[in-house]
Structures are given as structure tokens and as C-alpha cells.
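What follows is a set of notes on a single structure, which appears directly below.
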Amino acid sequence: MREKPRASELLAWYDRHARDMPWRVPPGARKAGQRPDPYAVWLSEVMLQQTTVAAVRGYFHRFTLRWPTVSDLAAAQDTQVMAEWAGLGYYARARNLMKCARTVVAEHGGEFPDTREGLQALPGIGPYTASAIAAIAFGRPETVVDGNVERVMARLYDVATPLPTAKKELTQLADGITPDQRPGDYAQAVMDLGATICTPRNPACGICPWRAPCRARAAGTAPDLPLKLPKKPKPVRVGYAYVGRRADGAWLMERRPDSGLLGGMLGWPGSDWAEIPPAPAPPLPADWHMLTEEARHTFTHFHLRLKVLIADLPVDAAADHGHFIPRDEFRPSDLPTAMRKVFDLAHSAFTAVSTGPAEDR
DNA sequence: TACGCGTGGTG
DNA sequence: TCACCAAGCGT
């Protein structure tokens, strides 16, 4: 083992192994003076919060194609943005995305602030994202601390304190390595190291550019770090979802309240979701038919089992809650995944009926 | 400080 | 099948 890890060692590795991403300026082009579009950096960083690169790529492509600038996004309709975000999860990010875009346009002339402090004052931009944008888009020497950095630092310095207690200590350790030169490339280099070499499981210590100064590698503790406090078990909640299809093909749906779980997203009418089975809650009287199979979905803090009921509704059906989405405006991809699973089951059941034996039609 | 907040990949 | 995990933020 050798003394202290140096940023230069990681930057040299990044020059050879940087991953190619649509929101990135590669290290060669960055040295030639090219800077990434702050809008693209912001959008990608928000999408990447607690989300994998693989999941983000397609969404980033569609968003930038549809809304090429922050002004375009600020002018978009809420429902369009929520529909485009559907499936990516953590929907408060999409609501804050619109708030942030509109603030940048209304209060900053359509240009993102170029300091960490200015950025962190915007909706949906916390300590990590503010530092990341400041470093990557504006070349500020800010220390970026995300899950990758925490893991890499915990291993480099063999920190046995469990997260989240260790966060402050790991931040200080990271701050001691952050360079004044190429802070943006350095931030992305640590992410790439954490994603490809210093991975949560089975780290590839043998080919790590920081293998020499890594204390956990010397101690043999790298695969076990960072330690984390045990998590609470997830309870099972149950509920009812009602998929009503009108004779003209329109679907009865609800826009969920703007805050809370799946806030602002489309959903099927139904009961509460609770550990003690709630009462059925049909949105209108009809010949509801319960499917044999339940829709199962796991959220951050509970497992959900939804009993799905379907019904054919007359063209003049009227519901107290919700509204009908015309057949040609309904896209399953606009729904959050839990609701799309419900639709998939219902759609199969509707299809099975309509293609069944002739005497059933 | 602790919790609420999604989803898809992985071993 | 299932727990764990991924570029956190807001309250």
C-alpha cells in the first residue's frame, strides 16, 4: 500500500476509459474547450438521481428531442411532462423539473445559475446535484458526493462507520482529493469508477487505478464496504383497482393528487391501499368482474397487491370521480408502472373475452 | 434526523 | 423468489 490517492491518477484512467453518454462531453473534447450544455447536464443529473444510466438513456433522448431547451420545457404542459416521465419513478422529480425550468426562465433569463449556491436554491436540486452541475457544466471545483463517492471513499480509507452516519466523514475525505483542475471530469471519473470498477458487489480491485493507495483492498474489506444500517421490512398492502372500458373504447381514469405516492400521475380509480384489506370502492355502479390474478408491485417502502376488477360501461356512463380518456389518446406508456401492470392484466382479460368462443359474444 | 418517494437489474 | 441496489431530494 502507498500513501494518498491522487486525482491525477483517476483522471488519467478516465481519459482512457470514460463511458460514452449523450449528455457528456468526452475528456478529449473537454480539454479542447468544449463545454456541455447546462440544460443537458441538469436534466441528466435529475434523471440519474437514484436511477441507473441504462434506465435514463431513453428518457433523456425523448426529453431533449421533444424539449431541446429549458425554455421549451418551461412552456410544456404538466400532463405532457408527467406522461413522458412515466415509468422512470420518483415522480416528484418531474414536478420539480417543471418548477425549476419555469424558475430559470422567469427569474434567471433562461440561463442556469453557474454557482453551487445558486443552483441549490432551485427546486429539485440538492447538495449533490448542485455540486455536480457546478463542476460539470461550469468548471467549478466543487466536491461531488453521491453513492459512488461514498463507496469509493469508504474503501479508499477503510471506513467502518455505517451509513448514513459516515456521510460527513466521507464528504471530508472526498473533499481532500477533489482537484482544482478538471473538477467536472474528476466528478464523472469517480462515478465511472464506482459504476465499473469499485462496484457494490465483486469490485474489480485488480484493475483499479487506485488499487495502490486503497486501504480496504489491503485489508481485504473492500467487498463489505460501505456498511449500512439495516433496513426496515416492507409490509404488504392490498387494495382494489377498477378498469372500466366504455363502449366507444374510452378508459375511466383519475389524475392522482399532486403530492404523495405517484403524485400527479394517471391511475385507475380504486380503494385505499392498506395492510388491513380496505372496502371495495367502485367508481360507478356496473357489472364489475374480478380477475383471478392480482397486480403485484413493490414500492420503496411496501409491497402492493391490487385486486383488479373490469367492466364494460355504456357510452353514457357518468362517474363522480375521474374522467374518460378516449381510445386514441390512451397510451399505456403514459402510466406509472404499477398502473400499467393493472392495465396489462385488464387488457388481457378484455381481449380474452372478445376473442373467445362465438357464443360468448 | 428519519422517513416518504419508483423502478428495473442482479445475484 | 427476493432482498439489495442505483448519479438524492423534500419535508
Side-chain angles (χ1 to χ4, degrees), chain A residues 19 21 23-24 40-60 82 85-97 99-100 119-137 142-152 163-165 167-168 171 174 184 186-196 198-203 223-237 256-265 267 273 296-304 333 335-341:
Chain A
R19 290 180 295 169
M21 298 184 199
W23 49 84
R24 250 186 202 178
V41 174
W42 164 70
L43 181 61
S44 66
E45 288 299 342
V46 172
M47 287 182 168
L48 287 163
Q49 289 167 4
Q50 297 286 283
T51 308
T52 59
V53 169
V56 164
R57 282 184 189 276
Y59 285 87
F60 179 84
M82 298 312 287
W85 195 276
L88 197 55
Y90 285 137
Y91 297 99
R93 292 185 295 173
R95 301 192 300 271
N96 285 328
L97 198 74
K99 287 184 198 166
C100 182
L119 288 159
Q120 198 173 328
L122 294 167
I125 299 184
Y128 162 75
T129 305
S131 294
I133 299 173
I136 296 168
E142 302 289 353
T143 297
V144 173
V145 182
D146 69 330
N148 287 299
V149 175
E150 290 174 356
R151 184 171 60 256
V152 170
L163 287 168
T165 309
K167 172 124 183 157
K168 180 179 285 186
T171 298
Y186 173 77
Q188 294 174 97
V190 187
M191 318 275 194
D192 281 16
L193 187 75
T196 63
C198 197
T199 50
R201 286 174 291 201
N202 304 318
D224 304 320
L225 295 177
L227 299 184
K228 294 186 177 178
L229 260 26
K231 294 172 182 169
K232 289 183 177 176
K234 292 178 175 160
V236 177
R237 295 186 191 173
R256 297 174 62 83
D258 207 36
S259 64
L261 190 66
L262 308 181
M265 302 299 291
W273 303 342
R296 291 192 174 201
H297 189 75
T298 298
F299 291 102
T300 314
H301 51 297
F302 66 94
H303 301 288
L304 177 63
S333 62
L335 308 183
T337 300
M339 299 299 172
R340 189 180 49 68
K341 287 180 178 176

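Every chain is numbered from 1, with letters handed out A, B, ... down the list of sequences. The basis for the numbers below is simple: all heavy atoms, side chains too, and nothing from hydrogens, waters or symmetry mates.
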N/O (side chain, [X]) to phosphate O (OP1/OP2, [N]) under 4.0 Å:
X       : N      : answer
T298(A) : dG6(B) : no
Q50(A)  : dG8(C) : yes
R151(A) : dA6(C) : yes
H297(A) : dT7(B) : yes

Measure the distance from [atom1] on [X] to [atom2] on [N] and round it to the nearest whole Å.
X       : N       : atom1 : atom2 : answer
R201(A) : dC5(C)  : CZ    : P     : 7 Å
L304(A) : dG4(B)  : CG    : P     : 16 Å
K99(A)  : dC9(C)  : NZ    : P     : 15 Å
K234(A) : dG4(B)  : NZ    : C1'   : 12 Å
R95(A)  : dG10(C) : CZ    : C1'   : 10 Å
M82(A)  : dG6(B)  : CE    : C1'   : 12 Å
R93(A)  : dT7(B)  : CZ    : P     : 10 Å
H301(A) : dC3(B)  : NE2   : P     : 12 Å

In whole angstrom, give me the gap between the P atoms of dG8(B) and dC9(C).
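Those two atoms are separated by 22 Å.
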For a quick check of understanding: with a heavy-atom distance under 4.0 Å over all strands, which category does [X] fall into, base, sugar-phosphate or nothing?
X       : answer
G87(A)  : sugar-phosphate
P164(A) : nothing
M21(A)  : base
V53(A)  : base
A338(A) : sugar-phosphate

Under 3.5 Å, is there an N or O donor on one side and an acceptor on the other linking the side chain of T51(A) and the base of dG6(B)?
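In this structure, the two groups form a donor-acceptor pair.
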Answer yes or no: side-chain N or O of T337(A) and base N or O of dG6(B) forming a donor-acceptor pair under 3.5 Å.
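For T337(A), whose side chain was compared with the base of dG6(B), there is no donor-acceptor pair (under 3.5 Å).
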Report, as yes or no, whether the 6.0 Å neighbourhood of atom NZ on K234(A) holds more than 12 heavy atoms from other residues, nucleotides or ligands.
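Yes, because the 6.0 Å sphere around NZ of K234(A) holds more than 12 heavy atoms from other groups.
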For R19(A), look at atom CZ and say whether over 12 heavy atoms of other residues, nucleotides or ligands are found less than 6.0 Å away.
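Yes - once you tally the heavy atoms of other residues, nucleotides and ligands closer than 6.0 Å, there are more than 12.
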Pairing donors with acceptors under 3.5 angstrom, does anything connect the side chains of Y128(A) and Q49(A)?
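No, because no side-chain N or O of Y128(A) sits under 3.5 Å from a partner of the opposite role on Q49(A).
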Is it true that the side chains of R95(A) and S259(A) contain a donor and an acceptor less than 3.5 Å apart?
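Looking only at side-chain atoms, S259(A) and R95(A) do not form any donor-acceptor pair under 3.5 Å.
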Check every atom of [options] against the side chain of [X] and return the nucleotide holding the closest atom.
X       : options                 : answer
R340(A) : dT7(B), dG8(B), dG6(B)  : dG8(B)
L261(A) : dG8(C), dG6(B), dT7(B)  : dG6(B)
K231(A) : dT7(B), dG6(B), dC4(C)  : dC4(C)
K232(A) : dC3(B), dT7(B), dG8(C)  : dC3(B)
F299(A) : dG8(B), dC4(C), dG6(B)  : dG6(B)
K228(A) : dG10(C), dC5(C), dT7(B) : dC5(C)
Y91(A)  : dC5(C), dG6(B), dC9(C)  : dG6(B)
Y90(A)  : dG6(B), dT7(B), dA6(C)  : dG6(B)
H303(A) : dC5(C), dC5(B), dA3(C)  : dA3(C)
D146(A) : dC5(C), dC3(B), dG8(C)  : dG8(C)

By ring-ring contact (aromatic ring centres under 6.0 Å, His included), which residues pair with F60(A), not counting sequence neighbours?
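ring-ring contact (aromatic ring centres under 6.0 Å, His included) list for F60(A), sorted by chain: W23(A).
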Is the Lys NZ or Arg CZ of R256(A) less than 6.0 Å from the centre of W273(A)'s six-membered ring, within 45° of the axis?
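Relative to the ring axis of W273(A), which defines the angle, R256(A) lies inside both limits.
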Contact nearer the 5' end of DNA chain C, comparing E45(A) with P123(A)
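The residue closer to the strand's 5' end, by nearest nucleotide, is E45(A).
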Taking the six-membered ring for Trp, are the ring centroids of F299(A) and H301(A) within less than 6.0 Å of each other?
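No.
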